[in-house]
Amino acid sequence: AQEALETARLAPKLDCDEIFRAFKERRLPTQYDSQARYGSPPATIWLSADFFVDVYFFSRPRVIAHDHWFHGAFSVLSGAAVETLFRFVPKENLHPHLWLGVVDPIATHLLVEGDVHTIFPGDRRIHSLWKFTMPCISIVVRTFPSERANHYYRPGLRVSANPSIEPDFPQKRAWCTHLFRSSHSRA
């Protein structure tokens, strides 16, 4: 995926206005992320049984530290962002979807139009993005989910973020109760 995006050099070629028109006129394939969990809005521009291509139109500057549950690559089509890479060292498993540990930044760099990066599933590429030009537009060539994704909060919390296992309110209340009791029993 990374090699294909690097070879294609889409940043100067892709007409984002045309994608908006196609979306409005319903000329795009079935939308993978119809609930707009990633980007605002996302647009699936190609879909097959093995992988798909999304264009993300980000209108908010900050994205929380996260990993991914798929293989692929992304390229910045328009705009710029600061990317920070992190490492997570797990210390204690509180729940199948909740870990305490250490979230450490390991590198920060600028992403500009044309930059391409590989996406690995799991914690091999934990990152956050701060988009300082709006909109910031990215294209992602990716597989379908294969692992659970997570959100990371400093100084040391990893929480499952996979929408298919998003806990309902009683589970969230149980997690909060557990955290409250755990934090007070250690004092």
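We use all heavy atoms of the structure for the numbers below, so side chains are in, but hydrogens, waters and symmetry mates are not. For this chain, numbers begin at 1 and follow the sequence in order.
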Hey, does the side chain of [X] reach the backbone of [Y] with a donor-acceptor pair shorter than 3.5 angstrom?
| X | Y | answer |
| --- | --- | --- |
| H66 | I64 | yes |
| S75 | D115 | yes |
| T133 | C136 | no |

Using side-chain contact (heavy atoms from CB on, under 4.5 Å) as the criterion, list what pairs up with T84, not counting sequence neighbours. F86, P105, T108, S128
Mind checking whether [X] and [Y] sit in one hydrophobic cluster, side chains of I, L, V, M, F, W, Y counted as touching below 4.5 Å?
| X | Y | value |
| --- | --- | --- |
| I119 | F58 | yes |
| L110 | V76 | no |
| W130 | V112 | yes |
| L85 | F70 | no |

Quick one: are [X] and [Y] in side-chain contact, heavy atoms under 4.5 Å?
| X | Y | result |
| --- | --- | --- |
| W69 | R142 | yes |
| W99 | F88 | yes |
| V82 | L129 | no |
| R87 | I126 | no |

Just how far is it from atom [atom1] of [X] to atom [atom2] of [Y], taken to the nearest 0.5 Å?
| X | Y | atom1 | atom2 | result |
| --- | --- | --- | --- | --- |
| I139 | L5 | CD1 | CG | 6.0 Å |
| F52 | W46 | CZ | CH2 | 11.5 Å |
| T118 | R124 | OG1 | CZ | 9.0 Å |
| L77 | F57 | CG | CZ | 8.0 Å |
| R154 | D104 | CZ | CG | 6.5 Å |
| H117 | H127 | NE2 | NE2 | 10.0 Å |

Heavy atoms only: give me the nearest T30-L47 pair and the separation to one decimal. O-CD2, 3.6 Å
What are the two closest heavy atoms between E113 and G79, and how far apart are they? OE2-N, 3.4 Å
Could you go step by step and tell me if L100 and L157 meet the side-chain contact (heavy atoms from CB on, under 4.5 Å) rule? CA-CA 5 Å; L100 294 179; L157 183 64; 3.9 Å; yes
Residues forming a side-chain hydrogen bond (donor to acceptor under 3.5 Å, both in side chains) with T143, sequence neighbours excluded: none
May I have the step-by-step check of side-chain contact (heavy atoms from CB on, under 4.5 Å) for K131 and L111, ending in yes or no? CA-CA 9 Å; K131 298 150 190 82; L111 297 177; over 6 Å; no
As a quick check of understanding, evaluate side-chain contact (heavy atoms from CB on, under 4.5 Å) for F120 and D67, giving each step before the final call. CA-CA 8 Å; F120 299 101; D67 59 25; over 6 Å; no
Could you verify whether a donor N or O on one side chain and an acceptor N or O on the other, from N150 and S160, lie under 3.5 Å apart? no
